[in-house]
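Along the sequence shown, the residues carry numbers beginning at 1.
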Amino acid sequence: MSNDTRDSESNAPQRDDEQADPAKIPEAADDASPEADTAKADEEKADAAEASESAADDDEDYSPRRSPALIATAVALPIALVVGVLVMGVMANRNPAREALTLGAVQAPAAKGPECTALLPELPAKLGDYTNSELRQPAPDGAKAWQLPDGGDAIVLRCGLDRPMEFNRASPLQVVNGVSWFDVRDTTSGAASGTWWAVDRGTYIALTMPDNAGPTPLQEVSDAIKKAMPEKALDPNPLPN
């Protein structure tokens, strides 16, 4: 009887682990390799970072957002208000409120007559840089005044006055826009103003104004007189003896 067992060993059935598919063995080895572990860890980290960013975006979507323009407006508005207050203060100092102008009473027998009643509404509210000035009550009849925005010497018109004593047949006249004017000036007092008299309307009109007012006030008042009052013959005083 032989003790050779080679045949029996070769004919013996293989175990399950020995019958495994050789193609799967490298894959198992690869899965267990250090490179595979590192790649898997990196992938997990990337997934975690992406999830964190997504959560942050969600939080941002639900948080109140402030527009840069809104922030700039909120900062600029208080500054603009302060600047506006300062500008208003400067302008108030430059242009103080004008007080009502007081005019003394003079002899004006025709101030309530039809000529003056027709003239006053035709007078402009502005004469060059001079604007209508409020008169302190009781204001004289037939009177109107204008001042510069910061006050100062006024332009004053009075309608319905008596004939001026200085107006005579030898008086020089100046015609402005169809109206004859006679200039009366006190040269002895050094006054910086004069009075012009309209002498060709039957009713006498005096316009007192500063020397630096320019020609515009006289021209515009002449236009109003010509429109409201018809021209009449001159009636000067006789020549002095």
Side-chain angles (χ1 to χ4, degrees), residues 87-167 171 173-230:
V87 171
M88 290 177 64
V90 172
M91 294 302 294
N93 291 331
R94 290 184 178 179
N95 298 309
R98 296 185 312 198
E99 296 182 358
L101 191 65
T102 301
L103 297 182
V106 296
Q107 290 294 325
K112 294 183 179 180
E115 292 86 357
C116 294
T117 302
L119 173 62
L120 292 180
E122 296 295 335
L123 293 171
K126 186 176 181 182
L127 298 176
D129 295 331
Y130 290 74
T131 58
N132 186 38
S133 180
E134 180 184 358
L135 299 181
R136 191 180 302 276
Q137 299 300 321
D141 295 325
K144 188 175 179 63
W146 300 262
Q147 283 182 289
L148 292 171
D150 58 352
D153 293 337
I155 297 176
V156 179
L157 179 141
R158 295 179 184 267
C159 182
L161 304 178
D162 290 328
R163 180 177 56 195
M165 292 186 298
E166 297 87 348
F167 176 49
S171 298
L173 301 180
Q174 183 173 343
V175 179
V176 179
N177 294 358
V179 178
S180 296
W181 292 90
F182 169 58
D183 183 18
V184 177
R185 182 177 296 274
D186 184 1
T187 58
T188 62
S189 65
S193 63
T195 299
W196 292 80
W197 291 78
V199 294
D200 62 349
R201 303 294 145 166
T203 297
Y204 293 95
I205 304 159
L207 184 66
T208 302
M209 59 183 186
D211 293 340
N212 58 2
T216 300
L218 191 61
Q219 293 169 351
E220 295 188 352
V221 170
S222 296
D223 291 338
I225 291 174
K226 186 176 181 179
K227 182 178 179 181
M229 304 172 69

K.L.:
Between atom CG of Leu218 and atom CG of Asp183, what is the distance when rounded to the nearest 0.5 Å?
P.N.:
9.0 Å

K.L.:
Is there any salt bridge (Lys or Arg N to Asp or Glu O under 4.0 Å) pair reaching into residues 112-129, and which pairs are they, with sequence neighbours excluded?
P.N.:
Lys112-Asp141, Glu115-Lys232, Glu122-Lys227

K.L.:
Please give me the minimum heavy-atom distance between Leu119 and Ala228, naming the atom from each residue.
P.N.:
CA-CB, 3.7 Å

K.L.:
So among Ile205, Leu173, Leu161, which one has a side-chain contact (heavy atoms from CB on, under 4.5 Å) with Trp197?
P.N.:
Leu161

K.L.:
In chain order, what residues pass the side chain to side chain donor-acceptor pair (under 3.5 Å) check against Trp181, with sequence neighbours excluded?
P.N.:
Ser222

K.L.:
For a side chain to side chain contact (heavy atoms under 4.5 Å, CB included) check, start with the C-alpha distance between Phe167 and Val184, then their side-chain angles and the critical distance, and finish with the verdict.
P.N.:
CA-CA 9 Å; Phe167 176 49; Val184 177; over 6 Å; no

K.L.:
Which atom names give the shortest non-hydrogen contact between Cys116 and Gly160, and what distance separates them?
P.N.:
SG-N, 3.2 Å

K.L.:
Which residue pairs pass the salt bridge (Lys or Arg N to Asp or Glu O under 4.0 Å) test when at least one of the two sits in residues 195-223, sequence neighbours left out?
P.N.:
Arg185-Asp211

K.L.:
Only pairs at least two apart or in different chains count here, so list each disulfide bond (SG atoms under 2.5 Å apart) that has a residue in residues 196-225.
P.N.:
none

K.L.:
Sequence neighbours left out, what passes side chain to side chain contact (heavy atoms under 4.5 Å, CB included) with Pro140? Give chain and number order.
P.N.:
Leu103, Ala143, Arg158

K.L.:
For Tyr204, which residues count as a ring pair (Phe, Tyr, Trp, His ring centres under 6.0 Å) partner, sequence neighbours excluded?
P.N.:
none

K.L.:
With a sphere of 6.0 Å drawn around CD of Gln219, does it hold more than 12 non-hydrogen atoms of other residues, nucleotides or ligands?
P.N.:
yes

K.L.:
Return the minimal non-hydrogen interatomic distance between Ser171 and Phe182, and the atom names on each side.
P.N.:
CB-CE1, 3.5 Å

K.L.:
My understanding is that only residues two or more places apart in sequence, or in another chain, count here; which of them pass side chain to side chain contact (heavy atoms under 4.5 Å, CB included) with Gln174?
P.N.:
Val176, Trp196

K.L.:
Testing the basics here: between Ser133 and Leu101, what is the closest heavy-atom pair and its distance to 0.1 Å?
P.N.:
OG-CB, 3.8 Å

K.L.:
With side chain to side chain contact (heavy atoms under 4.5 Å, CB included) as the criterion, how do Lys144 and Asn132 come out once you've worked through the C-alpha distance, each side chain's angles and the decisive distance to 0.1 Å?
P.N.:
CA-CA 8 Å; Lys144 188 175 179 63; Asn132 186 38; 3.0 Å; yes

K.L.:
Compare every heavy atom of Pro210 with every heavy atom of Ala154, then report the nearest pair and how far apart it is.
P.N.:
O-CD, 3.7 Å

K.L.:
Inspect the surroundings of CD in Gln137 and state if more than 12 heavy atoms from other residues, nucleotides or ligands are less than 6.0 Å away.
P.N.:
yes

K.L.:
Going by side chain to side chain donor-acceptor pair (under 3.5 Å), name the residues that satisfy it together with Asp153, two or more places apart in sequence or in a different chain.
P.N.:
none

K.L.:
With sequence neighbours left out, what residues match Lys226 under side chain to side chain contact (heavy atoms under 4.5 Å, CB included)?
P.N.:
Val179

K.L.:
What residues, two or more places apart in sequence or in another chain, satisfy side chain to side chain contact (heavy atoms under 4.5 Å, CB included) together with Ala110?
P.N.:
Thr203

K.L.:
By side chain to side chain donor-acceptor pair (under 3.5 Å), which residues pair with Ser193, not counting sequence neighbours?
P.N.:
none

K.L.:
Among residues two or more places apart or on two chains, list those pairs meeting disulfide bond (SG atoms under 2.5 Å apart) that have a residue in residues 194-223.
P.N.:
none

